[in-house]
There are 2 protein chains.
Amino acid sequence: MTIRDVARAAGVSTSTVSYVLSGKRPVSAETRRRVEHFVAELGYHPHAGARALASKRSHIIALVVPLRTDVYVPVMMEIATYVTMTARKHGYDVLLITNDEGPDGIRRLAASGLADGVILMDVELGDERISTLGELRTQTVLIGLPDDPAGLSCVDHDFSAAGALCVDHLAGLGHREIAFIGYGTGIYRRRAGYAERTLAGFRARAEELRMRFLHSSCEGTYESTAGALGHILSDRPGTTGFVVQNERALGPLLHLLRTRGRIVPDKASVIALCPERLADQYAPALTAVTGAAKELGRIAVEQVISRIFASVRGRRPDDALVLLAPTLTVRESTGPVRLSDPS
Amino acid sequence: MTIRDVARAAGVSTSTVSYVLSGKRPVSAETRRRVEHFVAELGYHPHAGARALASKRSHIIALVVPLRTDVYVPVMMEIATYVTMTARKHGYDVLLITNDEGPDGIRRLAASGLADGVILMDVELGDERISTLGELRTQTVLIGLPDDPAGLSCVDHDFSAAGALCVDHLAGLGHREIAFIGYGTGIYRRRAGYAERTLAGFRARAEELRMRFLHSSCEGTYESTAGALGHILSDRPGTTGFVVQNERALGPLLHLLRTRGRIVPDKASVIALCPERLADQYAPALTAVTGAAKELGRIAVEQVISRIFASVRGRRPDDALVLLAPTLTVRESTGPVRLSDPS
DNA sequence: TTGTAGGCGTTATCAA
DNA sequence: TTGATAACGCCTACAA
């Protein structure tokens, strides 16, 4: 089943079939109808390799996923899913690449013409992979935000705004002494953008509003959460607001606050930086600041594709930098400060 | 940078370069060395499309992932990761396909020659996609177990054995009255293999050992977990062992048992069917029955590849059916039954 | 509006 | 042990 079979069946030349399929030159309505009819009837699909060879475009986008498991995995999977669906909508397929291949993997994709573009997930501040990308002629988009995004397009959540939004919400409820419970120290050490930037946004806004605040790292186990809370409450017993960016610490924290008599939300407010699905799942349901994973995936794909188009037309692609605004959803875990009664 | 450039540089013909790379015919040590030298020096990678066109093999495996989100996502991601890494080790790349394309998506992959083989994840008992696969000449492997796996290869965890293993462990500790807390009813209705088969294994073994048992569905929220536990304890107040196959119910359940005075493991034993990482994370750490996700991915890839090889050589591929034995890891949440003291 | 034909980079067959 | 060369299926510039 090749293009010639379709051409013969429809009584036209192969180029006409090709043009009907690509739309790159006008075809009379009648011919187009006949060709499309036989394409459908014969179940014809152009041979991907032949097409890539002749057109110099594979219609494949590579998605590089991290091997690390400290990121909240379901979110990555959700992004990957939306990347795939959006790509398909534009006639592209998605190739999955694990990060362990490193820069060589991307070089291979570029050199073999396997991928027209690359989407790199989980980019870190100071990411050493970024410099390697410049040499290649592959179009690249980052999900994440490196120190220097020159020559690339980037999409990410506006984590800084998310951190600030948490502070604003708590401040608006009258809290004056708050704490940030984040990820384990390893994550800050490797400068994961989502951790570093959220904390920075939190810090800046808290200082701006002259609030007292504390930052505490937490590995996510029950013990480490207990440790973090212990430190906070002994250093700053007056703390009433908790901003939590650590999915695994949420359950333990709620439990610990309860056992310590700090009933949420009457005696303590908790605001989570986590996906909606998670926030909904606790009792009390958590007020949360969230970013839309599907948007990330969609925009990343549209950015690579637009870069690919530009480069095909011989233009230098514009570098885009999109930061998605976070959303605050108020649920049951935050409330106005009540002066602690002496009872 | 094509094969001709390498050939010229090494002073040989293009076919010699090709044969050095593919190893499909003997090449003198000296020539091989020279060719390999220039391949590396020039950073040559064969053009994927051209290769696929000439050889009729794309060296790409398609991985079809479900869109549904009720499966425990990190496990799917882990499988996908290992599929990718194993595939690379064998010189294959992995194309990500979301399930929303349905059978047409797979037809497209086959017809366009984009994929040499397909791995279908999250296959259900009575899966309607299976029948469609027979028509295609693509080699297919299922992760999961359909009612009728004829003409296909399958890999999956031995969920039935896992269910039985839980019963055995509890029985060995002296429990005589146990309960199974599973997923929401929707999952059983669509006959997800991991749910149905685990429960069947649990049932069969419990009956065999003449234990009293109950099955309770649970959506995974705090409320539904409370509901499930409430039913169990009112119907069978003597229940001392809990088998839980529902990641989200674990936290709530532990908390509920504590508040009801059924201290784990002294007054109640809990055994989880979940990944190690999760089991480790609770206090007390959970005794758990687990399957190795990486093995699943690895075996699936090796099965497709072996099928592809067979079909290339004109043989009909053998249908394999591999069920991976589960592992029991005893932690802190299970212990011998203590007769409840009257205090 | 449509057809003809050259070429894309590899593989593999046939010779030597 | 190696080389020349005809496919592989499609795209697209050029003709008509």
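Just so it is clear: chains get the letters A, B, ... in the order the sequence lines come, proteins before strands, and each one is counted from 1.
When every heavy atom of B:Pro317 is checked against every heavy atom of B:Gln139, the shortest pair comes out as CG-OE1, 3.4 Å.
Residues of residues 106-114 of chain A having a heavy atom closer than 4.0 Å to DNA chain C: none are found. DNA chain C is contacted by A:Val12, A:Ser13, A:Ser15, A:Thr16, A:Arg25, A:Pro26, A:Val27, A:Ser28 of residues 12-28 of chain A, taking any non-hydrogen atom closer than 4.0 Å. Of the residues in residues 35-52 of chain A, not one comes within less than 4.0 Å of DNA chain C through any heavy atom.
Annotation for A:Arg4: atom CZ does not count as buried by contact number, only 12 or fewer foreign heavy atoms lying within 6.0 Å.
The ring of A:His90 has its center no closer than 6.0 angstrom to the ring center of A:Tyr92.
Checking B:Gly11 against A:Ser55, the closest nucleotide of DNA chain D that is more toward the 5' end is the one next to B:Gly11.
Although no hydrogens or angles enter the test, the distance criterion places a donor-acceptor pair under 3.5 Å between the side chain of A:Thr84 and the main chain of A:Ala80.
Comparing the start and finish of the helix from C:dT1-D:dA16 to C:dA16-D:dT1, five pairs each, the helix axis swings through 30°, to the nearest 10 degrees.
At least one side-chain heavy atom of B:Val155 sits less than 4.5 Å from a side-chain heavy atom of B:Gln303.
Chain A approaches DNA chain C within less than 4.0 angstrom (heavy atoms of the protein), and the contacting nucleotides run 5' to 3' from C:dT1 to C:dG9. Nucleotides of DNA chain D with any atom under 4.0 Å from a heavy atom of chain A span, from 5' to 3', D:dG9 to D:dC14.
A salt bridge links A:Arg191 with A:Asp147; the closest basic N to acidic carboxylate O contact falls under 4.0 Å. Between A:Glu30 and A:Arg33 there is a salt bridge, since at least one side-chain N of the basic residue sits less than 4.0 Å from a carboxylate O of the acidic one. Salt bridge A:Arg307/A:Asp318: absent, no basic N to carboxylate O contact under 4.0 Å. Under the 4.0 Å criterion applied to side-chain N and carboxylate O atoms, A:Lys294 and A:Glu78 are not assigned as salt-bridge partners.
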